[in-house]
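Computed from heavy atoms alone, side chains included, the values below leave out hydrogens, waters and symmetry copies.
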Amino acid sequence: MKGAALLAIFALGGCAAVEPIKAYQGPEQPRAELAIVESAFERDWVTVADVQIAAVDGVGYPGPKYEARMLPGQHRVIVKGTSVVGSQKQEQFCAFEFDMARGCAYRPHPPSYPSPALLRGAEAEWQLSVAMQVSVRCPDVAADIRVPADCAASSAALAQRRGN
């Protein structure tokens, strides 16, 4: 009986796979022909860091999304970064835009939550512009770059900032 219960748990876990975002029209393209934005869920003994892809080129994607596949070219991506340190949860949204190359994978690293916002509490609204680190892996090179990004406490504040 225990073996059947464990098998059922593992089978259910397989169903929870997160599908990548196909952020382009037309038939499926080979991965080597696409630009890929990747994010991750990471956990250690003290902290949890969850960076999810929230939108690509103005299209929102609900639920946990950790990979977006798109045709090479100029793209605007919004990531939602959630971190939990002890019992304190912090959430931010960061948008960045630049020309992405074929065959390359991009992993954004949202900045640390701003200290003044921490002092005002979880409900505080804030916005800032930063140079966000993005790790880039291409077939023949890997590097960390800094790209202009707008970050805010909420996706609504981020949208409002873009309108200004």
Side-chain angles (χ1 to χ4, degrees), residues 2 5-23 31 34-70 75-98 100 104-138 141-162:
K2 274 187 181 178
L6 284 175
L7 186 58
I9 289 169
F10 287 122
L12 289 174
C15 294
V18 178
E19 291 294 318
I21 296 167
K22 179 180 175 253
R31 188 177 174 92
L34 300 171
I36 311 284
V37 174
E38 304 170 329
S39 61
F41 177 89
E42 298 172 341
R43 176 182 215 149
D44 63 26
W45 289 99
V46 179
T47 62
V48 172
D50 187 17
V51 179
Q52 298 180 17
I53 300 166
V56 177
D57 297 331
V59 177
Y61 296 94
K65 296 293 183 186
Y66 296 99
E67 182 177 299
R69 300 174 181 176
M70 58 203 77
H75 295 284
R76 178 177 168 82
V77 177
I78 299 175
V79 293
K80 174 184 171 185
T82 304
S83 61
V84 179
V85 179
S87 63
Q88 189 169 14
K89 179 180 177 181
Q90 302 150 353
E91 188 173 86
Q92 66 178 321
F93 292 81
C94 293
F96 62 98
E97 182 175 354
F98 67 97
M100 298 183 199
C104 296
Y106 302 87
R107 183 169 180 190
H109 301 278
S112 298
Y113 203 77
S115 297
L118 284 174
L119 297 174
R120 290 194 303 263
E123 302 302 316
E125 285 295 321
W126 56 268
Q127 300 172 5
L128 60 95
S129 293
V130 297
M132 184 171 66
Q133 178 184 336
V134 176
S135 298
V136 182
R137 282 186 344 267
C138 299
V141 68
D144 286 337
I145 62 172
R146 298 246 177 221
V147 299
D150 290 322
C151 296
S154 68
S155 59
L158 190 59
Q160 182 181 39
R161 185 173 184 88
R162 180 164 168 99

Between [X] and [Y], what is the shortest heavy-atom contact and its length?
X      : Y      : result
Val134 : Pro108 : CG2-CA, 4.1 Å
Ala23  : Met70  : O-CB, 4.1 Å
Gly63  : Gln52  : O-OE1, 3.4 Å
Val56  : Ala68  : CG2-CB, 3.9 Å

Distance in Å, [X] [atom1] paired with [Y] [atom2], rounded so as to fall on 0.5 Å steps:
X     : Y      : atom1 : atom2 : result
Tyr61 : Glu19  : OH    : CD    : 13.5 Å
Phe98 : His75  : CZ    : NE2   : 10.0 Å
Glu67 : Lys22  : CD    : NZ    : 14.0 Å
Ile36 : Arg107 : CD1   : CZ    : 14.5 Å
Gln92 : Thr82  : CD    : OG1   : 9.0 Å

Working note: Phe96 + Cys94, criterion side-chain contact (heavy atoms from CB on, under 4.5 Å); need CA distance, chi angles, decisive distance, verdict. CA-CA 7 Å; Phe96 62 98; Cys94 293; 5.8 Å; no
Pairwise side-chain contact, [X] with [Y], heavy-atom cut-off 4.5 Å (strictly under):
X      : Y      : answer
Val79  : Pro110 : yes
Cys151 : Trp126 : yes
Asp50  : Tyr66  : yes
Phe41  : Val48  : yes

Between Ser83 and Gln90, do the side chains contain an N or O donor and an N or O acceptor separated by less than 3.5 Å?
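Yes.
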Tested for side-chain contact (heavy atoms from CB on, under 4.5 Å) against Gln133, the lone hit among Val147, Ile145, Asp144 is Asp144
**Q.** Step-by-step side-chain contact (heavy atoms from CB on, under 4.5 Å) determination, Met100 to Val37
**A.** CA-CA 9 Å; Met100 298 183 199; Val37 174; 3.8 Å; yes
Discussion item. Would Ser155 and Lys80 count as a side-chain contact (heavy atoms from CB on, under 4.5 Å) here? Give the steps.
Written reply: CA-CA 8 Å; Ser155 59; Lys80 174 184 171 185; over 6 Å; no
key: Whether Asp150 side chain and Ser129 backbone form a donor-acceptor pair below 3.5 Å   = no
